[in-house]
Amino acid sequence: MNNVKNVWIHCRVVGRDSMELLNYQEHALCELAYQCNLNIIGVSKIISNDNSNSLYQINAMNHAIRTQKVDAIFVYTKERISTDKNILDEFMMFCDMCHVKLMTYQQLKDIINL
């Protein structure tokens, strides 16, 4: 994580009855970012079982990646980006192409506990 300074926190849950989990994701990922002395550039919080209802948040995150404002995307699990394997794979390729790391909660915990 030596080259990581600016991060985007991305959180998603399937239904409105999971608001506590949405807030938990944000809090947990923000806490890890703070422990690593990283700048949080943006946070997207989505309630949807697909990406069709979350276009604004996804576009904002993609714009931050494309314009090199972020060095990493923090997610609780990679499936929080999308449960559709093709969409997830394309997002991961987009991050690779733009030299942005996609890091999960567990990966971050493992780095901090080294």
Side-chain angles (χ1 to χ4, degrees):
M1 276 202 357
N2 297 341
N3 298 332
V4 175
K5 295 177 187 159
N6 300 313
V7 299
W8 187 283
I9 306 289
H10 180 75
C11 310
R12 184 176 65 84
V13 292
V14 174
R16 291 209 176 274
D17 57 337
S18 299
M19 285 296 293
E20 290 177 2
L21 292 175
L22 188 66
N23 293 330
Y24 170 76
Q25 285 176 61
E26 178 186 19
H27 175 76
L29 293 167
C30 286
E31 183 64 31
L32 293 177
Y34 294 140
Q35 287 180 23
C36 295
N37 295 318
L38 301 173
N39 300 318
I40 299 172
I41 301 301
V43 176
S44 47
K45 293 172 70 173
I46 298 169
I47 302 170
S48 175
N49 61 355
D50 61 17
N51 286 332
S52 63
N53 295 331
S54 56
L55 194 55
Y56 176 78
Q57 293 93 336
I58 296 296
N59 283 342
M61 183 172 56
N62 286 343
H63 179 72
I65 294 169
R66 187 175 288 112
T67 57
Q68 301 175 343
K69 293 182 180 172
V70 296
D71 304 306
I73 305 295
F74 287 3
V75 293
Y76 201 81
T77 64
K78 290 181 180 176
E79 292 77 19
R80 298 296 97 198
I81 297 292
S82 178
T83 55
D84 182 305
K85 183 175 175 3
N86 290 326
I87 292 172
L88 177 58
D89 286 348
E90 287 184 11
F91 183 78
M92 291 171 62
M93 282 189 286
F94 178 62
C95 287
D96 285 343
M97 181 182 77
C98 296
H99 309 288
V100 170
K101 295 180 182 184
L102 180 61
M103 303 184 76
T104 66
Y105 177 79
Q106 190 59 53
Q107 289 171 321
L108 294 164
K109 290 285 287 184
D110 291 345
I111 289 169
I112 289 173
N113 291 328
L114 286 179

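Residue numbers run from 1 in the order of the sequence given.
In E20, the CD atom is not crowded: 12 or fewer heavy atoms of neighbouring residues, nucleotides or ligands sit closer than 6.0 Å. Heavy atoms of other residues, nucleotides or ligands lying less than 6.0 angstrom from CD of Q35 number more than 12.
Of all the heavy atoms in L102 and M92, the pair that sits closest is CD2-CG, 3.7 Å. Residues D84 and S82 approach most closely at N-OG, 3.0 Å, considering heavy atoms. In plain terms, the two heavy atoms of K78 and T104 that are nearest each other are CG-CG2, 3.8 Å.
Between the side chain of R12 and the main chain of V75, no donor-acceptor pair closer than 3.5 Å is present. Without hydrogens or angle criteria, D71 side chain to N6 main chain gives a donor-acceptor distance under 3.5 Å.
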side-chain contact (heavy atoms from CB on, under 4.5 Å) evaluation trace for T77 with Y105:
CA-CA 7 Å; T77 64; Y105 177 79; over 6 Å; no
Could you walk me through whether I58 and I46 pass side-chain contact (heavy atoms from CB on, under 4.5 Å), step by step?
CA-CA 9 Å; I58 296 296; I46 298 169; 4.0 Å; yes
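Atom-to-atom distance recorded for K85:NZ and E90:CD is 11.0 Å, nearest 0.5 angstrom. Here CD1 of I41 is found 11.5 Å from NZ of K5. Values are rounded to the nearest 0.5 Å. Here CZ of F74 is found 14.5 Å from CD of Q25. Values are rounded to the nearest 0.5 Å. The CZ atom of R80 sits 8.5 Å away from atom CG of L21, with the distance rounded to the nearest 0.5 Å.
Counting only N and O atoms by type, the side chains of D110 and Q106 include a donor and acceptor under 3.5 Å apart.
Transitive grouping of hydrophobic side chains (ILVMFWY, heavy atoms separated by less than 4.5 Å) brings L32 and Y24 into a common cluster. In this structure, I87 is not a member of the same hydrophobic cluster as V14, with clusters built from ILVMFWY side-chain heavy atoms closer than 4.5 Å. Note: the hydrophobic cluster containing M93 does not contain V100 (ILVMFWY, side chain heavy atoms under 4.5 Å, direct or indirect links). Y34 and I111 fall within the same hydrophobic cluster, where Ile, Leu, Val, Met, Phe, Trp and Tyr residues are linked whenever their side-chain heavy atoms come under 4.5 Å apart, directly or through other members.
Using a 4.5 Å heavy-atom cutoff, the side chains of N23 and K45 are in contact. Contact of the L108 side chain with the L29 side chain is registered, since non-hydrogen atoms from C-beta on lie closer than 4.5 Å. Contact of the M19 side chain with the I47 side chain is registered, since non-hydrogen atoms from C-beta on lie closer than 4.5 Å. With contacts defined as side-chain heavy-atom distances shorter than 4.5 Å, the pair F91/H10 does not qualify.
The one candidate from I65, N62, I81 that meets the side chain to side chain contact (heavy atoms under 4.5 Å, CB included) condition with C95 is I65.
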